[in-house]
Amino acid sequence: MKRVWKSMLALLLALCLTACGGTPGGGEEGPPESPDDTATSAPPSDHNSDSSLGGTYWTAVQHESYDDLFDRTEVSQMPTERWWADLFLNEDGTAQFREVLGDSFNSYLGSGTWWLGADHTLRLTSSDGDEDGEMNGRIEDGRIILESFYGDRFYFEKAERPGPGGELCIANLHGTWHMTTGEVDGWSYNAREEGLASTLVFESRWSDSIEGYVLSADYYFANFLDTDEPEYRQEAELRTELLEEPLFHGLSNELWSVRLFHDDTGAEFFLTLTDPDTLYLQEHYEKDGAPAVRTAVYQRVNAFLPETLQTALYEEPSDCLTFYWPNPPEDVSAWLEVLPVTKLEPDGLDRLLVVGRWYETQIRFCTGEPLWDDSGRLLDWVTDEILYDETLNIDEPRWFSLTIPEGVPNLCLHIKRPWEDFWYLWPITDTNGYLVDGWTFLTP
């Protein structure tokens, strides 16, 4: 009988242990038991994270990378004046990793999650599923050791978490921004409704003076778009200067702002970020002899070119020289209304969008008349006057105003690559664009 009771108790104990083996609250499997499993298994939805790590901030103190050329591991101490990396592990399970070189990102995980597994293994996963943004590592002797997708290894030490705005930096400005609202003398307005448009484009560009990349900006502004005579302003290659002060009090970013300026033109703007997708810009001016300030709010957009236009360009041959689109739809026109319009004819009824494509391309608009052979094939264009002569960069859009005739053309678009001596010709009529040559494609 005792043997029977012992067998029953053993069976009951085994059943109890089996029932208690799952994770609390859901019966899901626990975290992986080894770093190798961590690298290949997705973290559970509840982020099984150590609560002591939530809300912490870490700064990189060392970097290791393997040099294939010399077959050795290079070790660098961090941070330096122009190179640093940091890591935010937020209480809600979200994470942010930044490696900043100069004023630009070398690598960046702005929207991710963190997860602490068994044996102090740590994993960062990109929220958008980008594998390049995933990082695996561990906690060892009070340090976090993370390895990037490319094999670089960072050693982090805990530091004091920055104040409001510290989760952002000047490198977050990278990209394209569209103005949405503005404020002057306490009056707020919708930019589009007031006939205004503005775009900011931030890019990293090489600087010979520091032998490194710096962040610079192009500024586009249009006013009176609701009239027949809009005004346009463009400031190219504005330099950036980091200021350790807020743009103005009351913003969520209390730590820093940026001065945009150009030594030759005298242009000067001040801006800051309040979150990764919202930018505030101020311009100082004088009104009735007294200082005044204009404030504009910009939102981040995916690209300088609208999505509809990007799709159309993608569907064309990759080696085409120009892209032609007469009177494009509203979403394209409104997106690019910040660009000036060149009037090829007075009181033109049509707007022509021309986009540079494969290489830097010289374009000319000429008046005159076509010269045809007996079969109706275009031989040449007899030019009376050159109305426009400029160079288009890759994917650079330009607007032109003219009236596209239904019959005989009176304008011709000339297209030439820099290393060629001859021009491709397209007499402009209401006919659809066509393949002029193997390297030139014009299309509506």
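Taking all atoms of both residues into account, the shortest heavy-atom contact from Pro246 to Asn253 is CB-O, 3.8 Å. The two residues Leu255 and Pro164 have their closest heavy-atom pair at CG-O, 3.4 Å. Listed here is the closest heavy atom pair of Arg357 and Ile394: O-CG2, 3.2 Å. In terms of heavy atoms, Leu89 sits closest to Ala95 at CD2-CB, 4.3 Å. Nearest heavy atom pair, residue Phe261 against residue Thr240, reads CE2-C, 4.4 Å.
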>> side chain to side chain donor-acceptor pair (under 3.5 Å) for Arg72 and Tyr66? Distances and angles first, verdict last.
In response: CA-CA 6 Å; Arg72 67 188 182 193; Tyr66 179 72; over 6 Å; no
>> Set out, in order, the CA-CA distance, both residues' side-chain angles and the distance that settles side-chain contact (heavy atoms from CB on, under 4.5 Å) for Leu124 and Leu146, then state yes or no.
In response: CA-CA 9 Å; Leu124 271 62; Leu146 279 180; 4.2 Å; yes
>> The test is salt bridge (Lys or Arg N to Asp or Glu O under 4.0 Å); show your working for Arg417 and Glu360 and say whether it passes.
In response: CA-CA 7 Å; Arg417 292 176 290 192; Glu360 285 188 353; over 6 Å; no
>> Between His178 and Gln299, is the side-chain contact (heavy atoms from CB on, under 4.5 Å) condition met? List the steps.
In response: CA-CA 5 Å; His178 279 186; Gln299 294 295 321; 5.9 Å; no
>> side-chain contact (heavy atoms from CB on, under 4.5 Å) for Ile386 and Phe365? Distances and angles first, verdict last.
In response: CA-CA 6 Å; Ile386 299 175; Phe365 284 96; over 6 Å; no
> When you look at Thr403 and Asp350, which way does the side chain to side chain donor-acceptor pair (under 3.5 Å) test go after all the steps?
Replying inline: CA-CA 5 Å; Thr403 299; Asp350 300 292; 5.0 Å; no
> What's the verdict on ring pair (Phe, Tyr, Trp, His ring centres under 6.0 Å) for Phe270 and Phe248, showing C-alpha distance, side-chain angles and the deciding distance?
Replying inline: CA-CA 10 Å; Phe270 298 88; Phe248 58 87; over 10 Å; no
> Does the ring pair (Phe, Tyr, Trp, His ring centres under 6.0 Å) test come out yes or no for His414 and Trp426, once each step is laid out?
Replying inline: CA-CA 7 Å; His414 293 56; Trp426 179 50; over 10 Å; no
>> Evaluate Ser107 against Glu99 for side chain to side chain donor-acceptor pair (under 3.5 Å), listing each step before the verdict.
In response: CA-CA 5 Å; Ser107 55; Glu99 181 192 355; 3.0 Å; yes
>> Using side-chain contact (heavy atoms from CB on, under 4.5 Å), reason through Tyr57 and Phe156 one step at a time and then give a plain yes or no.
In response: CA-CA 9 Å; Tyr57 170 77; Phe156 292 87; over 6 Å; no
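Expressed to the nearest 0.5 Å, how far CG of Asp263 lies from CG of Leu238 amounts to 10.5 Å. If you take CD on Glu369 and OG1 on Thr383, they are separated by 10.5 Å, rounding to the nearest 0.5 Å.
Atom CG of Asp67 is surrounded by more than 12 heavy atoms from other residues, nucleotides or ligands within 6.0 Å. Atom OH of Tyr189 has more than 12 neighbouring heavy atoms from other residues, nucleotides or ligands inside a 6.0 Å radius. No more than 12 heavy atoms of other residues, nucleotides or ligands shown are found within 6.0 angstrom of OH on Tyr314. Counting non-hydrogen atoms of other residues, nucleotides and ligands closer than 6.0 Å to CD of Glu194 gives a total above 12. Residue Glu307 places its CD atom among 12 or fewer non-hydrogen atoms of other residues, nucleotides or ligands, all under 6.0 Å distant. Around atom CZ of Arg239, no more than 12 heavy atoms belonging to other residues, nucleotides or ligands sit under 6.0 Å away. More than 12 heavy atoms of other residues, nucleotides or ligands sit less than 6.0 Å from atom NE2 of His284.
Residues Leu200 and Leu260 have side chains in contact (heavy-atom distance under 4.5 Å, counting atoms from C-beta outward). Side-chain atoms of Leu273 and Leu173, non-hydrogen and from C-beta on, do get closer than 4.5 Å to each other. Looking only at side-chain heavy atoms (C-beta outward), Leu271 and Gln282 stay at 4.5 Å or farther from each other. Leu413 places a side-chain heavy atom less than 4.5 Å from the side chain of Ile415. Val341 places a side-chain heavy atom less than 4.5 Å from the side chain of Arg351.
When only modelled atom types and interatomic distance are considered, Arg233 and Tyr219 share no side-chain donor-acceptor pair under 3.5 Å. Using a 3.5 Å distance cut-off with no hydrogens or angles, the side chains of Tyr298 and Thr180 do not pair a donor with an acceptor. Defined by atom type and a distance below 3.5 Å, a donor-acceptor pair is missing between the side-chain atoms of Thr59 and Asp86. For the 3.5 Å distance criterion, the side chains of Glu134 and Ser126 fail to qualify, holding no donor opposite an acceptor. Side chains of His174 and Ser204: a donor-acceptor N/O pair is present below 3.5 angstrom, by distance only. Side-chain contact of Asp384 with Thr367: a donor-acceptor pair under 3.5 Å is absent, judged by distance alone. Inspection of the Glu64 and Tyr155 side chains reveals an N or O donor paired with an N or O acceptor under 3.5 Å. No hydrogens or angles considered: nothing links the side chains of Trp399 and Ser401 as a donor-acceptor pair under 3.5 Å. The closest side-chain donor-acceptor pair between Glu193 and Asn190, if any, does not fall under 3.5 angstrom. Of the N and O atoms on the side chains of Ser216 and Arg205, at least one donor lies less than 3.5 Å from an acceptor on the other residue.
Side chain of Trp115 to main chain of Leu122: no donor-acceptor pair is present (N/O by atom type, distance under 3.5 Å, no hydrogens or angles). Without hydrogens or angle criteria, Ser104 side chain to Gly102 main chain gives no donor-acceptor distance under 3.5 Å. Side-chain N or O atoms of Lys287 include none that pairs as donor or acceptor with a backbone N or O of Pro291 at under 3.5 Å. Without hydrogens or angle criteria, Ser127 side chain to Ser111 main chain gives a donor-acceptor distance under 3.5 Å. In terms of modelled atom types and a separation under 3.5 Å, the side chain of Thr278 and the main chain of Asp275 share no donor-acceptor contact. Between the side chain of Asp71 and the main chain of Asp68, no donor-acceptor pair closer than 3.5 Å is present. A donor-acceptor contact shorter than 3.5 Å links the side chain of Thr272 to the backbone of Trp256. For the pair Ser252 (side chain) and Thr274 (backbone), a donor-acceptor distance under 3.5 Å is present.
The aromatic ring centroids of Trp177 and Tyr220 lie 6.0 Å or more from each other. You'll find the ring centres of Phe221 and Tyr232 outside the 6.0 Å limit.
Ring geometry for His63 against Trp83 counts as perpendicular: the plane angle is over 60°, on a 0 to 90° scale with 30° as the lower cut.
Looking at Phe154, Phe105, Tyr108 one by one, the single match for ring pair (Phe, Tyr, Trp, His ring centres under 6.0 Å) with Phe97 turns out to be Phe154.
Salt-bridge check for Glu337 with Arg192: passed, with a basic side-chain N closer than 4.0 Å to an acidic carboxylate O. A salt bridge links Glu229 with Lys343: the closest approach of a Lys/Arg side-chain nitrogen to an acidic carboxylate oxygen falls below 4.0 angstrom.
Judged by the 6.0 Å distance and 45° axis criteria, Arg294 is positioned over the aromatic ring of Tyr285. Because its NZ or CZ atom is not both nearer than 6.0 Å to the ring centre of Trp114 and within 45° of the ring axis, Arg123 does not count as a cation-pi partner of that residue.
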